[in-house]
S.K.: 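Quick one: the structure is below, and I'll ask about it shortly.
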Amino acid sequence: MMNAAPLPRTTDPDSFRALCEALEQAESSDQLERAEVLRAMVDAAAFCQCPECDDKPDRRAECATCNGDGFVPESD
Ligand SMILES: [Zn+2]
């Protein structure tokens with residue numbers, strides 16, 4: 001159940017990375033409601049997937065655009 005409060009906008013890269021890991025874990029363990037909430041938080045965060053490596057594990061490691069993070073600060 002989602003409440004109507006606005007989601008916090010994650011602006012800290014470490015927090016965002018933790019959020020992504022939690023989402024991945026929730027999805028891989030079939031915690032669908034938890035994954036849905038986490039996905040909404042990832043979407044609301046001030047970061048987006050790296051356009052250079054698409055967060056692909058094999059390309060991410062050597063990516064200079066995101067420095068191996070797989071995500072970049074969202075530009076507006
Ligand atoms: Zn990248």
Side-chain angles (χ1 to χ4, degrees):
M1 175 102 67
M2 303 281 287
N3 62 34
L7 289 163
R9 184 169 160 91
T10 306
T11 54
D12 174 52
D14 288 334
S15 303
F16 184 69
R17 187 179 300 115
L19 206 54
C20 290
E21 282 170 11
L23 172 61
E24 221 164 275
Q25 206 167 38
E27 284 180 337
S28 65
S29 56
D30 272 343
Q31 296 177 280
L32 299 184
E33 282 182 32
R34 182 174 155 79
E36 195 176 323
V37 172
L38 289 166
R39 168 74 64 191
M41 287 176 72
V42 166
D43 285 348
F47 299 94
C48 56
Q49 193 175 68
C50 176
E52 195 58 41
C53 64
D54 289 327
D55 195 18
K56 300 261 190 327
D58 52 331
R59 296 174 57 195
R60 189 173 62 193
E62 294 180 5
C63 181
T65 302
C66 63
N67 293 314
D69 282 333
F71 59 84
V72 292
E74 203 167 54
S75 53
D76 32 31

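Worth saying up front: this structure is predicted, and the values here are computed from it rather than measured. Each ligand, and each atom within it, is numbered from 1 in the order the structure gives.
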S.K.: Identify which protein N/O/S atoms are less than 2.8 Å from the Zn ion (ligand 1).
M.R.: Cys50 SG, Cys53 SG, Cys63 SG, Cys66 SG

S.K.: How about Val72 and Cys48: do any of their side-chain heavy atoms sit closer than 4.5 Å?
M.R.: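 The answer is yes; the side chains approach within 4.5 Å.
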
S.K.: Rounded to the nearest 0.5 Å, what separates atom CZ in Phe71 from atom CG in Asp54?
M.R.: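 CG of Asp54 is found 15.0 Å from CZ of Phe71.
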
S.K.: Between Ala45 and Arg9, which heavy-atom pair has the shortest distance, and what is it?
M.R.: O-NH1, 4.1 Å

S.K.: Kindly give the heavy-atom pair with the smallest separation between Asp55 and Gly70, and that separation in Å.
M.R.: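 Closest heavy-atom pair between Asp55 and Gly70: OD1-CA, 3.4 Å.
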
S.K.: Without swapping roles, check the side chain of Arg34 against the backbone of Glu27 for a donor-acceptor pair under 3.5 Å.
M.R.: no

S.K.: If you compare all heavy atoms of Thr11 against all heavy atoms of Pro13, which two are closest, and at what distance to 0.1 Å?
M.R.: O-CD, 3.6 Å

